[in-house]
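Working notes, beginning with the structure itself.
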There are 2 protein chains.
Amino acid sequence: MGYACLMAVDRDHVLRTAAALLTRKATATMDEVARAAGISRATLHRHFAGRDALVRALEALGIAECEAALDAARPDEGPAADAVRRLIRAIEPSAGLLAFLYTENQLFEGEQQNEGWSRIDARLAALFRRGQESGEFRIDLTPAWLTEALYGLLASGAWAVSEGRVARNDFTHMIAELLLGGAVRREEP
Amino acid sequence: MGYACLMAVDRDHVLRTAAALLTRKATATMDEVARAAGISRATLHRHFAGRDALVRALEALGIAECEAALDAARPDEGPAADAVRRLIRAIEPSAGLLAFLYTENQLFEGEQQNEGWSRIDARLAALFRRGQESGEFRIDLTPAWLTEALYGLLASGAWAVSEGRVARNDFTHMIAELLLGGAVRREEP
DNA sequence: CCATCATGAGACATCAACGTCTCACATGGG
DNA sequence: CCCATGTGAGACGTTGATGTCTCATGATGG
């Protein structure tokens with residue numbers, strides 16, 4: 001019969017399509033999401049009980065991709081700056097989804113939010129703190145702020161790319177260089 | 001009678017309150033906006049024809065405050081980095097409103113957007129370009145991206161402050177230093 | 001004291017999205 | 001060939017926000 005296989009494939013496909021659509025239009029209707037995925041609204045409801053469940057699933061997907069990117073970036077190895085570059089490169093494909101979740105998260109304020117974000121925040125802050133303790137990073141910018149700024153730059157970058165204001169190929173470079181080096185020109189060391 | 005005076009004062013107060021509320025909860029109801037401003041929904045509707053008109057008025061307010069901040073920051077005087085710092089300091093009180101508009105703007109996609117943003121974008125990009133041409137700023141980060149990143153960092157900063165993750169007093173310093181200097185520690189010149 | 005006007009409170013209709021349901025179809029396996 | 005399962009299409013009721021309306025009240029000014 002292959003329930004799991006077929007369902008999982010379709011579910012994942014729907015999830016990816018929904019992420020891509022909601023990245024562009026955060027207020028898209030369930031009907032629009034369904035049509036974007038090439039299925040009917042009824043089938044969409046068979047996969048996800050409602051819009052809330054869909055957003056929650058997207059949140060879980062975003063968390064999973066973030067943690068996978070963190071794992072792949074080996075944040076504890078080598079210079080912290082290189083680890084940050086690896087991380088941004090690894091997380092780039094998820095940036096659109098993260099941008100959507102970053103704005104949508106305000107809907108969940110007050111309630112308990114998914115603990116996955118706490119884990120990711122902690123790992124990111126740990127990376128920045130490691131850079132500070134090794135003397136690579138300046139200490140007047142707190143790890144919490146660098147973490148927040150990384151989220152913001154990822155969202156800005158994803159939005160700028162989707163609007164055509166920044167070339168997709170420059171995404172990683174623009175974010176990593178701004179976050180690490182800033183706008184001011186630096187003398188060659 | 002004093003129509004204009006009273007109306008203007010109240011209208012501005014309502015606008016400020018709505019901005020503060022919508023910064024925290026972007027999906028706030030017209031009823032919530034009205035109660036937050038201490039007026040009834042009927043009176044709110046007498047000031048703004050509907051939610052759309054309210055958001056448009058907030059957009060106009062945000063544009064006006066941005067342009068005022070740009071004027072006050074004297075972006076054409078002195079080193080570009082100092083001008084950027086003046087600008088961030090001047091724009092700080094509006095950051096929450098800008099954060100709201102930054103996410104809400106996606107609602108207006110497809111339609112023609114307020115030309116005020118184009119003017120502001122152009123002035124910001126001109127400032128960054130001036131810094132590049134004077135040799136202060138690196139040239140691999142495009143003015144368009146620096147402009148976009150500034151918006152994103154302002155929004156992230158406003159959100160982080162309202163969530164208590166960053167101290168309000170550090171707002172200007174965190175944004176300006178990250179945008180200009182980046183996270184990597186810099187040798188004293 | 002009276003007239004005017006802005007306001008608050010609330011009723012009311014409208015509307016869009018949602019969630020649930022049924023039914024027909026078609027595709028695939030036994 | 002027959003049956004089962006997943007699907008599409010669409011109807012239906014519900015909900016929440018919105019926009020409009022009326023009416024009573026309270027303040028202000030003449």
Side-chain angles (χ1 to χ4, degrees), chain A residues 1-59 100-101 103-111, chain B residues 1-59 100-101 103-111:
Chain A
M1 302 185 186
Y3 285 141
C5 174
L6 270 177
M7 294 289 288
V9 165
D10 274 342
R11 185 187 152 100
D12 193 75
H13 169 243
V14 171
L15 223 43
R16 302 282 171 182
T17 314
L21 173 61
L22 291 172
T23 294
R24 297 192 306 271
K25 184 180 177 184
T27 62
T29 300
M30 290 293 277
D31 200 275
E32 294 176 279
V33 172
R35 252 178 303 163
I39 62 178
S40 73
R41 203 159 58 95
T43 305
L44 178 59
H45 271 282
R46 284 180 192 113
H47 285 310
F48 305 98
R51 188 192 184 78
D52 225 53
L54 175 64
V55 175
R56 294 288 181 175
L58 285 170
E59 187 183 31
F100 163 68
L101 294 173
T103 67
E104 195 78 0
N105 260 349
Q106 301 169 0
L107 294 180
F108 302 148
E109 70 181 6
E111 313 169 22
Chain B
M1 301 187 190
Y3 287 140
C5 174
L6 270 178
M7 293 287 289
V9 165
D10 274 342
R11 185 186 152 100
D12 192 75
H13 169 244
V14 171
L15 225 41
R16 302 283 171 181
T17 314
L21 173 61
L22 291 172
T23 295
R24 297 192 307 270
K25 185 180 177 184
T27 61
T29 300
M30 290 292 277
D31 200 277
E32 295 176 276
V33 172
R35 250 177 305 162
I39 62 177
S40 73
R41 202 160 61 96
T43 305
L44 178 60
H45 267 78
R46 285 181 191 111
H47 285 309
F48 305 98
R51 188 191 184 78
D52 223 54
L54 175 62
V55 174
R56 295 289 182 176
L58 285 171
E59 186 184 31
F100 164 69
L101 295 173
T103 67
E104 197 76 2
N105 260 350
Q106 302 169 359
L107 293 179
F108 303 146
E109 71 180 5
E111 314 168 18

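The figures here come from the full heavy-atom set of this structure, side chains too, leaving out hydrogens, waters and symmetry mates. Within every chain, numbering begins at 1; the chains are lettered A, B, ... in the order of the sequence lines, protein sequences first and strands thereafter.
Using a 4.0 Å heavy-atom distance criterion, Arg41(B) is classed as a base contact.
Comparing dT18(D), dA9(C), dC21(C) against the side chain of Ser40(B) picks out dA9(C) as the nearest. Distance from the side chain of Met30(B) is smallest for dT18(D) among the nucleotides dT18(D), dG8(C), dA9(D). When each of dC21(D), dT7(D), dA17(D) is scored by its nearest atom to the side-chain atoms of Thr43(A), the top-ranked nucleotide is dT7(D). Among the nucleotides dG19(D), dT22(C), dG19(C), the one closest to the side chain of His45(A) is dG19(C).
How far CG of Leu15(A) is from CG of Leu22(A): 10.0 Å, rounded to the nearest 0.5 Å.
Straight-line distance from the CG atom of Asp52(B) to the P atom of dT20(D): 12 Å, rounded to whole Å. One interatomic measurement links the two molecules: CG of Asp31(A) to P of dC15(C), which rounds to 19 Å at whole-angstrom precision. Rounded to whole Å, the distance from CZ on Arg11(A) to C1' on dG6(D) is 17 Å. Asp10(B) has its CG atom 14 Å from the C1' atom of dC5(C), to the nearest Å. In this structure, the CZ atom of Arg46(B) is 13 Å from the C1' atom of dG19(D), given to the nearest Å. Atom CD1 of Ile39(B) is separated from atom P of dA9(C) by 11 Å (rounded to the nearest Å). Between the C1' atom of dG19(C) and the NE2 atom of His47(A) lies a distance of 17 Å, rounded to the nearest Å.
Position along DNA chain C of the nearest nucleotide to Leu44(B) versus Arg51(A) favours Leu44(B) as the more 5'-ward residue. Remark on DNA chain D: of its neighbouring residues Glu32(B) and Ala49(B), the 5'-side contact belongs to Glu32(B), judged by nearest-heavy-atom nucleotide.
With salt bridges taken as basic N to acidic carboxylate O contacts below 4.0 Å, one links Glu59(A) and Arg56(A).
In terms of heavy atoms, Ala36(A) sits closest to Leu21(A) at CB-CD2, 3.8 Å. Summarising the geometry of Ala57(A) relative to Phe48(A), their closest heavy-atom pair is CB-CE2, 3.6 Å, with the distance given to 0.1 Å.
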